[in-house]
Structures are given as C-alpha cells and as structure tokens.
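Data first, discussion second: the structure below is written as structure tokens.
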Number of protein chains: 2
Amino acid sequence: MLEQVLRSIREPDQEARRKARERQNQLTKPPGSLGRLEELSVQLAGIQRTPRPKVGRKAILTMAGDHGVVAEGVSAYPQEVTAQMVRNFLSGGAAVNVLAAHVGARVVVVDLGVAADLSGLAGLPLASAAGTSGPRLLLRKVGPGTRNLARGPAMSREEALRSLEAGIEVLAEEAERGLDIVGLGEMGIGNTTPAAAITAVMTGTPVPQVTGRGTGLDDDGLVRKVQAIEAALAANRPDPRDALGVLAAVGGFEIGGLAGAMLAAAARSIPVVVDGFICASAALIACGLKPGVREYLIASHQSVEVGHLAILRHLRLQPIFNLDLRLGEGTGAALGIGLVEAAARILEEMATFGQAGVSNA
Amino acid sequence: MLEQVLRSIREPDQEARRKARERQNQLTKPPGSLGRLEELSVQLAGIQRTPRPKVGRKAILTMAGDHGVVAEGVSAYPQEVTAQMVRNFLSGGAAVNVLAAHVGARVVVVDLGVAADLSGLAGLPLASAAGTSGPRLLLRKVGPGTRNLARGPAMSREEALRSLEAGIEVLAEEAERGLDIVGLGEMGIGNTTPAAAITAVMTGTPVPQVTGRGTGLDDDGLVRKVQAIEAALAANRPDPRDALGVLAAVGGFEIGGLAGAMLAAAARSIPVVVDGFICASAALIACGLKPGVREYLIASHQSVEVGHLAILRHLRLQPIFNLDLRLGEGTGAALGIGLVEAAARILEEMATFGQAGVSNA
C-alpha cells in the first residue's frame with residue numbers, strides 16, 4: 001500500500017499555478033500587495049490542479065499515541081493525560097475543538113497508540129461544535145504506546161509500516177467524506193522527545209539544539225530529555241537515508257500516522273496544513289520517503305519549541321505566522337486553514353480591474 | 001466633542017484582565033501554550049471590562065480621502081482610483097469585502113474627503129456579502145481632497161478637527177448598531193505620503209527611513225516622494241507635541257477620521273484592530289492626543305511599507321502576524337479580527353481541567 005501511494009505523488013500542476021498567478025494580477029489591488037495570501041493561493045492551485053482552488057470541506061486529524069520514553073522523566077505531565085485529552089477532544093472542550101469550529105473544520109481523532117483502551121468511545125453520540133459535525137474517534141491502534149526509545153527501538157519496522165498505513169487509510173476515508181484541505185495535529189504525552197530525536201537524525205543537528213521544554217519541563221527535566229535522546233541515538237544508530245528505520249527506532253505511532261496522512265493527501269492532490277514541532281517531525285519522515293511531498297505541505301506556524309525551526313529550514317517551509325504557540329493538537333493548523341481559506345477566497349471572489357471599472361497602474 | 005471623548009478614555013480594567021488570565025491558566029492546556037492568543041484574550045478582557053470578552057459584532061470601517069500631494073507624482077496609480085475603489089467596495093468586489101466576509105464583519109465605507117461626488121452612492125441598494133449585511137457608504141466629506149502638503153498645510157486646523165470629529169461620530173453610530181470590535185482601514189491614492197510625513201514627525205525618524213514604495217512606485221517616484229515629504233516638513237515645520245497641528249500640516253482627511261474613530265472606540269471600551277501603515281500613522285495622531293488610547297489598539301500585521309515598523313516600535317505595538325501585506329483597505333485588520341475572535345473563543349469555550357477531568361501538571 002505504501003509503495004502505491006509513493007508512486008502516485010506527482011508534481012503540482014504548473015499550468016494551474018500559472019493561471020492562478022495571472023488572475024491574481026488582474027484583481028483590483030496592486031500586484032503582490034496581498035503578499036503571502038497570493039502565494040498561498042498559487043500553491044493551492046498547483047496542489048489541487050485547478051486555477052480556482054476551493055477550501056470548503058476541511059478536517060483536522062488529531063492523531064494520538066503514547067511513548068515509552070516517559071519512563072525517563074521527559075514530560076511535565078503524567079501519561080494518562082493522553083487518554084484524558086482524547087476524551088476532552090471528543091466532548092469538544094479542547095483548544096483544537098474551539099479553533100476547528102472557528103474555521104469550520106471537522107475534528108477527527110485517531111488512536112494510533114494510546115496506552116488505554118478507548119474502544120468504548122468510538123461509538124458514543126458526540127457533542128457537536130457549532131457549524132460542524134461533532135468530533136469522531138477512529139480506532140487504529142498499532143500498539144499501547146511505543147517502547148522506551150532510550151533503551152532500544154521505539155517500535156518494530158513492521159509496526160512503523162503499520163502506523164504509516166493507518167494514516168494513509170484514515171486520510172483515504174476522510175477524502176471519501178469530502179476533503180478540500182486537511183490540517184494535521186497530535187496528542188501524546190512525551191512526544192516532543194521522539195520529535196526531537198527524529199529532527200536530530202534527519203537534519204543532522206546536535207541534540208541539545210533541537211530539544212525544548214515541551215509542555216513545560218524544568219531545567220533538570222530538560223537535561224534528562226537531552227540525555228534520553230542522546231542515549232536513543234547511541235542505542236539505535238538510525239540512518240537518515242532510511243526514513244522508515246528512523247521512525248521505527250526513535251519515532252511514535254502518531255508520528256507514523258501523520259506521515260502516512262501527508263503521503264496519502266499528496267497522492268490525492270489535497271493540501272496539508274502542518275501544525276507544530278511534532279507534525280513537522282512527521283513531515284521529515286514523509287519527505288524522507290518521498291521528497292516531492294514537500295510541495296503539498298503548508299507550515300501553519302513557527303512553534304516556540306526550538307527544534308521546529310531546524311525542520312522548517314531543512315524542508316525550506318515558511319510558516320504563515322508566529323503566535324508563540326506550543327500546544328499541538330492541530331491548533332496552529334486550524335488557524336492556518338483559516339488563513340489559507342482567506343487566500344483561496346481572495347482568488348475566487350475578488351473583482352478584476354475590468355469587472356470593477358478600476359484604472360490599472 | 002473631542003475634549004469630551006478624550007476625557008472619557010480610561011485605563012483598561014485590571015481586575016477583568018486578572019480574572020481572564022486566571023481562567024486561561026485553568027483551561028485544558030499547559031499554561032501559556034497558546035502564546036499570543038492568551039495575551040490577546042487578556043487584553044480584550046481589560047478593554048471590554050469583562051473577564052469573558054465577546055467578539056461577535058464586528059465591523060471594518062474603511063475611510064477614504066484624496067491627497068493634493070499626488071501632484072508631486074508620488075503614486076503609481078491615478079487619483080480617480082480612490083473613487084473607483086469606493087464603488088468597488090460598495091459592490092463587494094474588493095479584497096476588504098472578501099476578507100471581512102470571511103471573518104463575519106460588516107464593511108462600512110466612509111467618504112472623508114474623496115475628490116469626487118459620491119452622494120449618489122449612499123442610498124443605493126447594495127450587494128450583500130455572505131453572512132453579513134452589505135457594505136454601506138457614509139458621507140462625511142470634510143473637503144474634496146487635501147491641499148498639496150509639499151507646498152503648505154494639507155488642511156486647516158479647523159478641518160483637521162472636523163475630520164477627527166467625523167471619525168468620532170461614525171464610530172458612535174456604529175456602536176449604536178452593535179459593535180464588539182472594530183477594524184480600521186483606508187483608501188486614498190497617495191496616502192502613504194502623509195503617513196510617512198506624520199511618522200517622520202511623530203517618531204523623529206529621518207524621512208528616507210520611513211518612506212516606501214506604496215502601491216508600487218519606481219525608483220524615480222521614490223526619490224520624488226522623499227523630496228515632497230522633506231519639502232512638506234520644511235514648509236510646515238510641524239511640532240510633534242501638537243498632534244492636531246501635525247494632522248493639519250501633513251495629514252489627510254481619512255487619517256483624521258481614523259484617529260477620531262480610535263479615540264471614540266477607546267472611550268467606549270471597544271477594541272480597535274489597526275491595519276497597516278496609514279492606519280498606524282493615524283494611531284500616532286490619536287496617541288499624540290491621548291497616550292492611553294494605545295492600550296485599546298491591536299496591531300494586526302506588519303506591513304511591507306518600511307515606515308510601519310518605526311510606528312510599531314514607537315507605540316510599542318506587537319503585530320499579530322506578518323504576511324507581507326501592503327494593500328490597506330482594512331484587509332490586515334479583517335484577518336486580525338479573525339485571530340482576535342479565535343482568542344476570545346478559546347477563553348470562552350474551552351473546558352477547564354476540572355470540567356474535563358484532565359490531570360494538571
């Protein structure tokens with residue numbers, strides 16, 4: 001399944017991009033005066049392969065998983081918060097629910113590897129956010145949390161593949177329901193540790209330069225976190241040319257799911273709005289498997305988490321905004337979708353100089 | 001009228017700010033992890049004098065005026081574009097219409113000084129943007145464009161006062177219609193020239209450092225523009241301690257209207273989302289008349305226009321985003337309102353740790 005998806009990813013449509021840019025230059029504004037919004041509309045045109053892209057049907061996929069490395073004391077919060085937050089997502093009380101509702105996106109929560117049995121939550125009648133269908137839970141558990149990556153591989157190579165394929169399947173299902181754009185987010189206590197490990201390996205940056213405080217680690221915790229990642233790299237010796245191997249050695253089930261969703265979205269010409277640091281680490285895996293997927297990614301924001309910048313530079317992605325966010329869940333991706341939709345609406349709805357009878361320069 | 005408004009402007013409510021911050025720390029996220037959104041919600045609470053501020057009823061006021069200084073060749077577009085764009089605003093085809101509709105804000109266009117008779121447009125049945133009432137035109141013309149500020153005062157001191165009072169009246173009328181937040185924007189061919197002149201005077205920055213290419217001036221045009229502003233400062237010798245005098249000497253009617261609207265909004269505890277460079281120059285006038293108005297201002301974006309940064313620094317305003325915009329109209333303010341509303345919704349709609357049964361750190 002993975003091979004087929006990788007083969008289906010094409011270059012964005014250059015002709016659609018050209019026509020979108022041409023239209024931008026005919027709209028009643030000085031050419032280029034809407035800056036990033038104009039660029040985003042052109043990128044969107046290339047991805048969706050049409051000069052008039054649409055951002056009507058929107059979803060945030062929030063992928064959840066637990067991490068054995070929390071045994072090393074790398075998180076300020078206890079592991080049970082992952083499952084508790086999944087329940088919070090499903091009852092509509094989390095930040096991602098509020099921000100997804102604000103931009104009119106549905107929320108789909110995916111259990112890739114939470115260390116608790118959530119099967120009872122999948123069939124519940126769920127709270128409905130204003131203007132959107134209520135959040136849903138998809139059960140795609142690869143395992144009940146990864147193993148401790150500081151002591152050996154976080155998962156087997158086969159589990160890494162299964163997490164990628166779970167993400168591919170989820171994206172395919174959501175595409176069937178109607179999807180013009182997807183925002184990706186995550187929940188997983190401890191997951192800035194695998195994200196930092198992946199970043200160190202894939203970008204070749206020293207561990208201390210990509211390791212931050214996550215949800216609010218103190219100085220001692222930060223030292224433990226750097227030591228755990230250094231130990232992980234020593235124990236696993238991951239090879240950056242083998243992205244699947246890196247995911248298995250130092251990744252997470254939700255990170256694999258996110259990477260799979262990116263690949264599947266690119267294969268289906270669906271733009272992907274990437275959230276913060278953990279999502280971006282999944283982009284490193286996805287781009288490691290297929291560099292061309294980068295063209296389908298839109299970085300929503302630049303996170304406070306220090307390793308994020310290393311990834312953005314490595315992938316040459318320019319974030320849309322910087323609001324000092326460090327929450328995850330898909331919160332930045334939701335806000336990003338709002339701005340990408342604004343860009344698409346500018347291209348679609350503005351009058352041209354000719355239509356409006358306005359003199360051009 | 002102006003004196004009464006200046007007297008009514010109070011400090012924001014510190015108790016409401018404190019309660020809003022306390023609630024932010026109880027919501028199901030690591031404290032501070034929503035960065036600027038949390039700060040914005042606290043600022044909003046102080047301005048609206050309630051721990052649970054609302055951003056439901058939104059308006060963009062786009063103030064229009066012409067400028068005698070266009071005779072110096074300081075704009076890439078001909079003067080008639082100001083009136084043409086007002087018509088475009090009223091038929092819903094401009095960028096501000098699209099972005100205001102995107103965030104659910106009504107558009108109110110105000111003729112403060114367009115060099116054309118627009119009275120026939122005020123009563124027209126107007127196009128209606130999705131989800132909002134159609135744009136309206138208010139006639140508050142102080143004069144048919146300013147005089148050439150390179151050769152003498154742009155307007156009389158009495159006209160400057162009338163432009164401020166027109167802005168005060170318009171804001172008061174819109175407040176009567178229901179207004180939780182206001183975004184300010186402008187249209188006026190040539191108006192980056194008075195904005196740069198005001199910036200040079202009020203911030204004490206050399207003219208070349210605050211003068212940009214506006215809608216797309218070439219190198220020769222940029223030289224003419226700097227010369228026109230230098231000539232204006234030499235001819236008028238404006239005193240930065242006399243903000244009304246600066247407005248009269250080198251301002252514009254729409255800039256006075258914007259400054260008046262800022263003062264009136266502050267007096268009514270309504271937050272003001274400021275657009276780009278020209279709006280920010282109006283903020284210099286407003287803050288010159290009453291420094292405390294600064295607390296009521298939210299800078300939406302950092303413009304490409306070079307003088308904008310000098311103003312943001314002088315007023316210690318941190319823009320929410322930087323999308324390389326340089327259009328004006330209120331386009332950045334509209335996008336900013338969308339993000340401020342997101343901030344208010346986070347504070348209002350998220351569950352607390354207690355409500356959601358999530359373990360706190």
Side-chain angles (χ1 to χ4, degrees), chain A residues 27-40 76-78 80-81 84-85 87-88 91-95 97-99 101-103 129 214-216 304 320-329 331 334-335 338-339 341-342 345-346 348-352 355-361, chain B residues 27-40 76-78 80-81 84-85 87-88 91-95 97-99 101-103 129 214-216 304 320-329 331 334-335 338-339 341-342 345-346 348-352 355-361:
Chain A
L27 300 176
T28 46
K29 56 180 171 53
S33 61
L34 283 177
R36 275 308 296 282
L37 293 187
E38 296 188 26
E39 291 171 34
L40 285 167
Y77 284 78
E80 67 254 29
V81 168
Q84 289 168 348
M85 284 301 298
R87 289 174 195 272
N88 196 20
S91 56
N97 299 103
V98 175
L99 297 180
H102 182 58
V103 303
T215 49
V304 173
I320 305 176
F321 55 85
N322 183 347
L323 294 175
D324 294 334
L325 307 181
R326 53 181 175 84
L327 178 55
E329 301 181 1
T331 48
L335 293 173
L339 291 169
E341 184 177 13
R345 290 187 67 172
I346 284 287
E348 178 64 27
E349 299 176 24
M350 269 185 75
T352 62
Q355 286 169 335
V358 174
S359 310
N360 207 335
Chain B
L27 300 176
T28 47
K29 57 179 173 51
S33 61
L34 283 176
R36 274 309 297 282
L37 293 187
E38 297 189 25
E39 292 172 33
L40 285 168
Y77 285 78
E80 68 252 29
V81 168
Q84 289 169 348
M85 284 302 296
R87 289 173 195 271
N88 196 21
S91 57
N97 300 103
V98 175
L99 297 180
H102 182 56
V103 302
T215 49
V304 173
I320 305 176
F321 55 84
N322 183 346
L323 295 174
D324 293 335
L325 306 181
R326 54 179 173 86
L327 177 55
E329 299 181 2
T331 48
L335 293 173
L339 291 169
E341 184 177 13
R345 290 188 66 172
I346 285 288
E348 178 64 28
E349 299 176 24
M350 270 185 76
T352 62
Q355 286 170 335
V358 174
S359 310
N360 207 335

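Convention: sequence-line order gives letters A, B, ...; per-chain numbering from 1.
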Rounded at 0.5 Å granularity, tell me how far [atom1] in [X] sits from [atom2] in [Y].
X        : Y        : atom1 : atom2 : answer
A:Phe321 : B:Asn322 : CZ    : CG    : 13.0 Å
A:Ile346 : B:Asn97  : CD1   : CG    : 9.5 Å
B:Leu323 : A:Glu39  : CG    : CD    : 10.0 Å

For [X], is it the side chain, the backbone, both, or neither that has a heavy atom closer than 4.5 Å to a heavy atom of chain A?
X        : value
B:Glu349 : both
B:Leu335 : side chain
B:Glu341 : both

- For A:Glu348, is it the side chain, the backbone, both or neither that has a heavy atom under 4.5 Å from a heavy atom of chain B?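 Answer is neither: A:Glu348 stays 4.5 Å or more from chain B.
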- A:Thr215, part contacting chain B, at a heavy-atom distance under 4.5 Å: both
- Query: For the side chain of A:His102 and the backbone of B:Gly338, is there at least one donor-acceptor N/O pair under 3.5 Å apart?
  - Reply: yes
- Query: Going through the checks in order, is the side chain to side chain contact (heavy atoms under 4.5 Å, CB included) test met by B:Leu37 and A:Leu99?
  - Reply: CA-CA 11 Å; B:Leu37 293 187; A:Leu99 297 180; 4.2 Å; yes
- Sort out for me which of B:Arg36, B:Glu329, B:Glu38, B:Arg87 touches chain A most, counting heavy-atom pairs under 4.5 Å.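 If we count pairs closer than 4.5 Å to chain A, B:Arg36 comes out on top.
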Show the nearest heavy-atom pair for residues [X] and [Y], with the distance to one decimal.
X        : Y        : result
B:Lys29  : A:Leu327 : CB-CD1, 3.7 Å
A:Arg345 : B:Ala101 : NH2-CB, 3.8 Å
B:Val98  : A:Met350 : CG2-CG, 3.9 Å
B:Pro30  : A:Arg326 : CB-NH1, 4.2 Å
A:Asn88  : B:Ala351 : OD1-CB, 3.9 Å
A:Gln84  : B:Ser359 : OE1-N, 2.8 Å

Out of [options], return the one with the most heavy atom pairs under 4.5 angstrom to chain B.
options                             : answer
A:Gly32, A:Ala356, A:Gly93, A:Pro31 : A:Gly93
A:Ser33, A:Ala334, A:Gly216         : A:Ser33
A:Asp324, A:Val358, A:Leu325        : A:Val358

